Amino acid sequence: MERAAKIERRTKETDICVELHLDGGAVEIDTGIGFFDHMLHAFAFYAGIGLTVRAKGDLQVDGHHTVEDVGIAIGEALKGALGEKAGIRRFASAYVPMDEALLFAALDISGRPFLVFDAPMPQARCGEYDTCLSVEFMRALANHAGLTLHMKALYGDNAHHITEGLFKAFGLTLKDAKQVEGGEVRSTKGLL
């Protein structure tokens, strides 16, 4: 059975379509924010997922609505693609060195949404992307996918490196945590 989902989200601020295939596929990203596209592509590549994102947002205001709503849509797609979560590994963690920066992510596909994000950004912008939006994206995604996600920048001086390392670390954790290793739900409760 294919582990995939498609989500369409339309508000007065954004129009978003996301297709996510947990077991691989093409990656096509167009949000209107170049740096964010680059981050989503890195995330999908290291997660080993197929991901299509088409987003039109009120970028004349700023990128906040677009970034947050893409996080919501990817989170909903991820939750849908995971289904009952039977047999998945569930837990994973990863360190990513990115030049002078060292980043960490730990993930539990728990059904209990929670984000810890400890990554101060030395610069306010990367291209047209406000670096303060990374936490908004991760929070929206974690909440709507039902993930417990911890992310930390252990150190770093460059917001580009910090942000990219965080997206890559998240991708690597998802790649491991989504792996199917059996048929049972991995929980002492018997339910995730």
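Note that the structure is predicted; figures quoted are calculated from it, not measured.
- In this structure, R54 CZ and C17 SG are separated by 8.5 Å, a value rounded to the nearest 0.5 Å.
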Please tabulate, one pair per line, all N/O donor-acceptor pairs under 3.5 Å involving side-chain atoms of residues 56-64, not counting sequence neighbours.
from	atom 1	to	atom 2	distance (Å)
D58	OD1	H65	ND1	3.1
D58	OD2	H65	ND1	2.8
D62	OD1	H64	N	3.0

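- With sequence neighbours left out, the side chain to side chain donor-acceptor pair (under 3.5 Å) criterion links H21 to E2.
- Of the inter-residue distances, the one linking L22 atom CG with K175 atom NZ reads 13.0 Å to the nearest 0.5 angstrom.
- Using a 3.5 Å distance cut-off with no hydrogens or angles, the side chains of S134 and Y129 do pair a donor with an acceptor.
- Smallest separation of non-hydrogen atoms from F104 and L166: O-CD2, 4.2 Å.
- I72 and I16 fall into different hydrophobic clusters, where Ile, Leu, Val, Met, Phe, Trp and Tyr residues are linked whenever their side-chain heavy atoms come under 4.5 Å apart, directly or through other members.
- E100 places a side-chain N or O within 3.5 Å of a backbone atom of D157 that can act as its donor or acceptor partner.
- By the salt bridge (Lys or Arg N to Asp or Glu O under 4.0 Å) test, K6 is found to be paired with E8, residues two or more places apart in sequence or in another chain being considered.
- Each of F45, F137, F35 was compared with F167 under the ring pair (Phe, Tyr, Trp, His ring centres under 6.0 Å) criterion, and only F137 meets it.
- Panel note: side chain T173, backbone F170; a donor-acceptor pair is recorded below 3.5 Å.
- Taking T31 as the reference, D37 meet the side chain to side chain donor-acceptor pair (under 3.5 Å) condition, with sequence neighbours excluded.
- Residues satisfying the salt bridge (Lys or Arg N to Asp or Glu O under 4.0 Å) test with K168, not counting sequence neighbours, are E164.
- Here the shortest heavy-atom pairing between N158 and P122 reads N-CG, 4.1 Å.
- Note on L78: it does not cluster hydrophobically with F91, by side-chain heavy-atom contacts below 4.5 Å among ILVMFWY residues.
- In this view, D23 and R3 satisfy the salt bridge (Lys or Arg N to Asp or Glu O under 4.0 Å) rule, not counting sequence neighbours.
- Listed by chain and residue number, R89, R186 satisfy the side chain to side chain donor-acceptor pair (under 3.5 Å) test with E181 (two or more places apart in sequence, or in another chain).
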Report the C-alpha distance between L40 and I74 in whole Å, list the side-chain angles of each, state the deciding distance to 0.1 Å, and finish with yes or no for side-chain contact (heavy atoms from CB on, under 4.5 Å). CA-CA 10 Å; L40 292 175; I74 292 175; 3.9 Å; yes
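- Applying the side chain to side chain contact (heavy atoms under 4.5 Å, CB included) test to A77 and every residue at least two apart in sequence or in another chain returns A5, I7, V18, L20.
- Take H150 and apply the side chain to side chain donor-acceptor pair (under 3.5 Å) test, not counting sequence neighbours, and it matches no residue.
- Between E28 and H41 there is no side-chain heavy-atom pair separated by less than 4.5 Å.
- By the 4.5 Å heavy-atom criterion applied to side chains, R9 and D15 are not counted as neighbours.
- L82 is connected to F43 through a chain of hydrophobic side-chain contacts under 4.5 Å among Ile, Leu, Val, Met, Phe, Trp and Tyr, so both are in one cluster.
- Taking the side chain to side chain contact (heavy atoms under 4.5 Å, CB included) definition, one finds that F114 meets it with V116, T148, sequence neighbours left out.
- Taking each heavy atom of V180 and A86 in turn, the nearest pair found is CG1-O, 4.4 Å.
- At a threshold of 4.5 Å between non-hydrogen side-chain atoms, the residues K152 and L103 do not count as touching.
- Residue M138 forms a side-chain contact (heavy atoms from CB on, under 4.5 Å) with just one option from L133, L149, L147, and that option is L149.
- One finds no salt bridge joining R139 and E68 here, because no Lys/Arg side-chain nitrogen approaches an Asp/Glu carboxylate oxygen to under 4.0 Å.
- Distance check: T131 OG1 to R125 CZ gives 9.0 Å after rounding to the nearest 0.5 Å.
- For the pair M39 and T163, the minimum side-chain heavy-atom distance is below 4.5 Å.
- Heavy-atom minimum distance, S110 versus R90: CB-NH2, 4.2 Å.
- Atom-to-atom distance recorded for E128:CD and I33:CD1 is 9.0 Å, nearest 0.5 angstrom.
- In this structure a side-chain-to-backbone donor-acceptor pair under 3.5 Å is missing from E136 to C132.
- Among V96, L172, L174, the single residue meeting the side-chain contact (heavy atoms from CB on, under 4.5 Å) criterion with Y46 is L172.
- Take D30 and apply the salt bridge (Lys or Arg N to Asp or Glu O under 4.0 Å) test, not counting sequence neighbours, and it matches no residue.
- Under the side chain to side chain contact (heavy atoms under 4.5 Å, CB included) criterion, L102 pairs with Y95, P97, L154, Y155, not counting sequence neighbours.
- Closest non-hydrogen pair, C126 versus A159, comes out as SG-C, 3.9 Å.
- Closest approach of A92 and A177 over heavy atoms only: CB-N, 3.8 Å.
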